[in-house]
Amino acid sequence: MKGVFIGLGSNLADPITQIKLAIKAVDSLDDVLLITQSSLYASPPMGPQDQPDYINAVIEIDTCLFAHTLLDKLQEIELEQGRVRHRHWGERTIDLDLLLYGENQLDDERLHVPHPGIAMRSFVLHPLAEIASDLTIPTMGNIQQLLVDCPLDGLQRID
Ligand code: ROI
């Protein structure tokens with residue numbers, strides 16, 4: 001299935017390298033094909049301000065994995081790259097968020113898809129719009145319309 005989008009974020013341990021490593025790890029998963037990756041973006045932290053800026057990106061994959069199986073694999077990659085939870089909304093080595101799973105809406109204790117933060121987080125919405133400019137997001141609508149109400153908030157494309 002196409003239209004599966006993953007958001008990546010890091011602000012520890014050489015964030016650019018962390019993002020590139022994670023993209024490679026996702027691409028190397030069985031039953032996953034990397035379709036597109038956005039540019040890398042630098043963004044000021046949302047949450048506590050006494051933490052480093054983040055590097056963010058969004059990728060689209062094609063996969064036949066169930067959403068929860070994919071989530072398991074993403075969490076394995078986070079662990080392999082040494083993700084440790086320091087504090088709520090705090091710094092992290094790598095974060096892999098399942099943003100969209102095609103047209104599907106999923107709501108349980110592990111998954112909220114579409115990811116509820118998409119429309120409010122410039123570091124998610126703008127990279128997503130870069131690679132899917134005519135996307136319609138279930139329950140949220142047209143991405144160009146969402147961009148109008150989502151200022152950059154210091155987001156900068158870095159490559
Ligand atoms: N802030 C930015 N800029 N980028 C992120 O990826 C990010 N991820 C998070 C929180 C802590 C909410 N803040 C973030 O999980």
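What you see is a predicted model, and the numbers here were worked out from it, not measured in a lab. Computed from heavy atoms alone, side chains included, the values below leave out hydrogens, waters and symmetry copies.
- Listed by first and then second residue, the side-chain hydrogen bond (donor to acceptor under 3.5 Å, both in side chains) pairs involving residues 19-30 amount to none (not counting sequence neighbours).
- Between P15 and S10, the shortest heavy-atom contact is CA-OG, 3.3 Å.
- Using a 4.5 Å heavy-atom cutoff, the side chains of L29 and D31 are not in contact.
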Would you sort out whether V26 and L8 count as a side-chain contact (heavy atoms from CB on, under 4.5 Å), showing the intermediate values? CA-CA 11 Å; V26 173; L8 303 97; 5.5 Å; no
side-chain contact (heavy atoms from CB on, under 4.5 Å) for K73 and V32? Distances and angles first, verdict last. CA-CA 11 Å; K73 308 261 180 208; V32 171; over 6 Å; no
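- The salt bridge (charged side-chain N to carboxylate O under 4.0 Å, His left out) check on D95 picks up R83, R92, with sequence neighbours excluded.
- Under the side chain to side chain contact (heavy atoms under 4.5 Å, CB included) criterion, L99 pairs with F5, V58, D97, H115, I118, V124, not counting sequence neighbours.
- Residues I137 and L98 do not share a hydrophobic cluster, clusters being chains of Ile/Leu/Val/Met/Phe/Trp/Tyr side chains in contact below 4.5 Å.
- Linking ILVMFWY residues whenever their side-chain heavy atoms come closer than 4.5 Å, directly or via other members, places I131 and Y41 in the same cluster.
- Applying the side chain to side chain contact (heavy atoms under 4.5 Å, CB included) rule to L33 yields the partners D62; only residues at least two apart in sequence or on another chain are considered.
- No path of Ile, Leu, Val, Met, Phe, Trp and Tyr side chains, each step under 4.5 Å between heavy atoms, connects I19 with V84, placing them in separate hydrophobic clusters.
- Take P138 and apply the side chain to side chain contact (heavy atoms under 4.5 Å, CB included) test, not counting sequence neighbours, and it matches L100, Q105, P114.
- Grouped by direct or indirect side-chain proximity (heavy atoms under 4.5 Å, Ile/Leu/Val/Met/Phe/Trp/Tyr only), F66 sits alone.
- Rounding to the nearest 0.5 angstrom, the gap separating the CG atom in L125 from the CG atom in N56 is 12.0 Å.
- Side-chain atoms of Q37 never come within 3.5 Å of backbone atoms of I59 as a donor-acceptor pair (strictly under, hydrogens ignored).
- When hydrophobic clusters are built by joining Ile, Leu, Val, Met, Phe, Trp and Tyr residues whose side-chain heavy atoms come closer than 4.5 Å, directly or via intermediates, L21 is not grouped with I23.
- Hydrophobic clustering places L128 together with M140 (ILVMFWY residues linked when any side-chain heavy atoms are closer than 4.5 Å, directly or through intermediates).
- Between N104 and M1, the shortest heavy-atom distance links the atoms ND2-SD, 3.8 Å.
- The side-chain hydrogen bond (donor to acceptor under 3.5 Å, both in side chains) test applied to Q81 returns Q18, not counting sequence neighbours.
- S133 approaches I143 most closely through the heavy-atom pair O-CG2, 3.3 Å.
- The side-chain hydrogen bond (donor to acceptor under 3.5 Å, both in side chains) contacts involving residues 44-53 comprise N11-Q51, D50-R87, Q51-Y54, where partners must be two or more places apart or lie in separate chains.
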Which atom pairs, donor and acceptor, lie under 3.5 Å between side-chain atoms of residues 145-157 and protein residues at least two apart or in another chain?
from	atom 1	to	atom 2	distance (Å)
R157	NE	S39	OG	3.3

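- The distance from atom OG1 of T36 to atom NZ of K2, rounded to the nearest 0.5 Å, is 9.5 Å.
- Partners of D72 under the side-chain hydrogen bond (donor to acceptor under 3.5 Å, both in side chains) rule, at least two apart in sequence or in another chain, are R110.
- Here the closest heavy-atom approach between residue W89 and residue G47 is recorded as CE3-CA, 3.6 Å.
- Every pair tested for salt bridge (Lys or Arg N to Asp or Glu O under 4.0 Å) that includes a residue from residues 117-144 fails, sequence neighbours excluded, so the list is empty.
- Remark: L12 engages H86, E91, T93 in a side chain to side chain contact (heavy atoms under 4.5 Å, CB included) (not counting sequence neighbours).
- Residues Y101 and V113 approach most closely at N-CG1, 3.5 Å, considering heavy atoms.
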